[in-house]
Engineer: 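Got a structure for you, questions after.
Numbered from 1 within each chain, the chains take letters A, B, ... in sequence-line order.
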Protein chains: 2
Amino acid sequence: MEPRHRRADAAGNRARIIQAARAVIANADEIKLNAIAKEAGVGQGTLYRHFPTREDLLAEVYREDVEELVAAAPALLAEHQPVTALARWFDRVADYAQVKRGVFAAVEAAVWQDLAAHSLGPIGDALTTLLEAGKADGTIRSDVDARDVILLIGCLTRVEEDEWDAKARHLLRIVLDGLRRRP
Amino acid sequence: MEPRHRRADAAGNRARIIQAARAVIANADEIKLNAIAKEAGVGQGTLYRHFPTREDLLAEVYREDVEELVAAAPALLAEHQPVTALARWFDRVADYAQVKRGVFAAVEAAVWQDLAAHSLGPIGDALTTLLEAGKADGTIRSDVDARDVILLIGCLTRVEEDEWDAKARHLLRIVLDGLRRRP
DNA sequence: CGTTAAAGTGGACACGTGTCCGCATGATGG
DNA sequence: CCATCATGCGGACACGTGTCCACTTTAACG
């Protein structure tokens, strides 16, 4: 009486949807869900059951990038002072968002969806690690949490392509300064 | 061969659309453009010609609030030190966004649409006034402009209703600290 | 194997957005 | 007052999103 798990074909469809999504994202500049469904050779109902929201799909497509970002946090902490580590991590975020352009917004949406569900999610955990280290040595203000930072980082979503280089890191620097403990 | 101005009826329709928008916003919690058109007794084509985007319409509906916000800047500067004035102005923003809830996002969208058009727009001008005063007396970092701040403030858009009181001002405070000149 | 019921499917459908264009309307010059 | 035609109207339409449900497939069990 095990939960009567899964259906091999369902997993196949799921995989094919992700693959199709990658293809569409790579080739078209528009990301239309129904186009992805068609490309994958499934009905839209199938797509929407596997990925209830557009964000769910994109988050899955870019899961690896997210994992990389998450893994970077402890690594940076091992090498740098907490505030420096946080600064470097912000740099990574800027790099990621620069290349992945439109997708950043969607992934971010997925992240704070996690937050709404009272679970921080992987990115939130990574951030918490960085923030706690900074609080512990007194360089980060004690009244901030991962959620605050994710919200603040969200402003990158609005930065236009052609001003990215000029604005993104600059904005993150301002945020970082805001997070520092006031002397 | 004067520009062959106007059409009295067009102005009337425009006014009726705004009125209808107010009604819909007040009564329904959903803001559907076609519902507004219907309420106003005009076709959707008419609505879309007068207000090409949803933001244009909402910005018009809340023009008064925006003007109030704009007017507050110089008034606050007359009474307080620049940083304090900026802090108070942020408070106003928080108040406004708290009451106008969903609309804040749209108005903000309209604002940075202005920015994209290389004109700061009224809000941008108000912010510039505040920032310049702060730079002049050395309390605000010199490398920020109104656009940066508008982008940063944009994070309020994502704050949920039920955590507004706890988060909004807190986030604005962090931003403000980020804007301060580092001692 | 055959049965059975849950798991899964896919496309039709409802909805909101935004565009487009043939038609009417009202200001203007005669 | 009438003729003219730019200005403006409005609704039909195309499109993308997301939902729903009658039907099919899979795999556990006898």
Side-chain angles (χ1 to χ4, degrees), chain A residues 1-61 102-103 105-107 109-110 113 116, chain B residues 1-61 102-103 105-107 109-110 113 116:
Chain A
M1 87 137 54
E2 330 69 73
R4 206 125 140 76
H5 303 339
R6 71 18 274 327
R7 288 282 209 112
D9 58 340
N13 272 339
R14 192 187 151 91
R16 255 176 320 116
I17 289 172
I18 296 174
Q19 189 181 345
R22 290 215 172 88
V24 168
I25 291 173
N27 300 331
D29 53 345
E30 296 270 306
I31 303 179
K32 302 178 216 175
L33 280 320
N34 55 10
I36 293 175
K38 192 177 174 186
E39 170 82 20
V42 304
Q44 351 215 60
T46 304
L47 187 155
Y48 278 100
R49 180 145 21 68
H50 284 290
F51 306 99
T53 75
R54 160 192 229 83
E55 285 74 30
D56 288 325
L57 175 55
L58 295 181
E60 181 58 39
V61 168
V103 189
V107 172
Q113 198 167 305
Chain B
M1 91 145 45
E2 332 67 73
R4 209 119 139 79
H5 304 339
R6 80 25 219 0
R7 286 286 206 111
D9 56 341
N13 272 338
R14 191 187 151 92
R16 251 170 331 110
I17 289 171
I18 296 173
Q19 189 181 345
R22 289 214 172 88
V24 168
I25 291 173
N27 300 330
D29 52 347
E30 297 270 305
I31 303 179
K32 301 180 219 174
L33 278 322
N34 55 9
I36 292 176
K38 193 177 175 188
E39 170 83 19
V42 304
Q44 352 215 60
T46 304
L47 188 155
Y48 278 100
R49 180 142 20 69
H50 284 289
F51 306 98
T53 74
R54 161 192 228 83
E55 286 74 30
D56 288 326
L57 175 56
L58 295 181
E60 181 59 38
V61 168
V103 190
V107 172
Q113 198 170 305

Engineer: So which of residues 50-61 of chain A are in contact with DNA chain D, with a heavy-atom cut-off of under 4.0 Å?
Structural biologist: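 Those residues whose heavy atoms fall under 4.0 Å from DNA chain D, taken from residues 50-61 of chain A in numerical order, are A/R54.
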Engineer: Where do A/I18 and A/F51 come nearest, in terms of heavy atoms and distance?
Structural biologist: CG1-CZ, 3.8 Å
Engineer: Where do B/V61 and B/R22 come nearest, in terms of heavy atoms and distance?
Structural biologist: O-NH2, 3.2 Å
Engineer: Could you tell me the separation between the CZ atom of A/R49 and the CG atom of A/N13, rounded to the nearest 0.5 Å?
Structural biologist: 9.0 Å
Engineer: Return the minimal non-hydrogen interatomic distance between B/A23 and B/E39, and the atom names on each side.
Structural biologist: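 Reported closest heavy-atom pair: CB-OE2, 4.1 Å.
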Engineer: Examine D/dG8: is either OP1 or OP2 under 4.0 Å from a nitrogen or oxygen in the side chain of B/N13? Give yes or no.
Structural biologist: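 Checking D/dG8 against B/N13, no side-chain N or O comes under 4.0 Å of OP1 or OP2.
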Engineer: Please evaluate residues B/R16 and B/Q19 with respect to the criterion side-chain contact (heavy atoms from CB on, under 4.5 Å), reporting the C-alpha separation (whole Å), side-chain torsions for both, the decisive distance (0.1 Å), and the verdict.
Structural biologist: CA-CA 5 Å; B/R16 251 170 331 110; B/Q19 189 181 345; 4.2 Å; yes
Engineer: How close do B/I17 and B/I36 get, counting heavy atoms only, and between which atoms?
Structural biologist: O-CG2, 3.9 Å
Engineer: Among all residues two or more places apart in sequence or in another chain, which pass the side-chain hydrogen bond (donor to acceptor under 3.5 Å, both in side chains) test with A/D56?
Structural biologist: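 So A/D56 forms a side-chain hydrogen bond (donor to acceptor under 3.5 Å, both in side chains) with A/T53.
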Engineer: Looking at residues 32-48 of chain B, who's got a heavy atom less than 4.0 Å off DNA chain D?
Structural biologist: B/V42, B/G43, B/Q44, B/G45, B/T46
Engineer: Is A/R49 close enough to C/dT9 that one of its side-chain N or O atoms is under 4.0 Å from OP1 or OP2 there?
Structural biologist: yes
Engineer: Take B/E60 and B/H50 through the test side-chain contact (heavy atoms from CB on, under 4.5 Å) and record every step on the way to the result.
Structural biologist: CA-CA 11 Å; B/E60 181 59 38; B/H50 284 289; over 6 Å; no
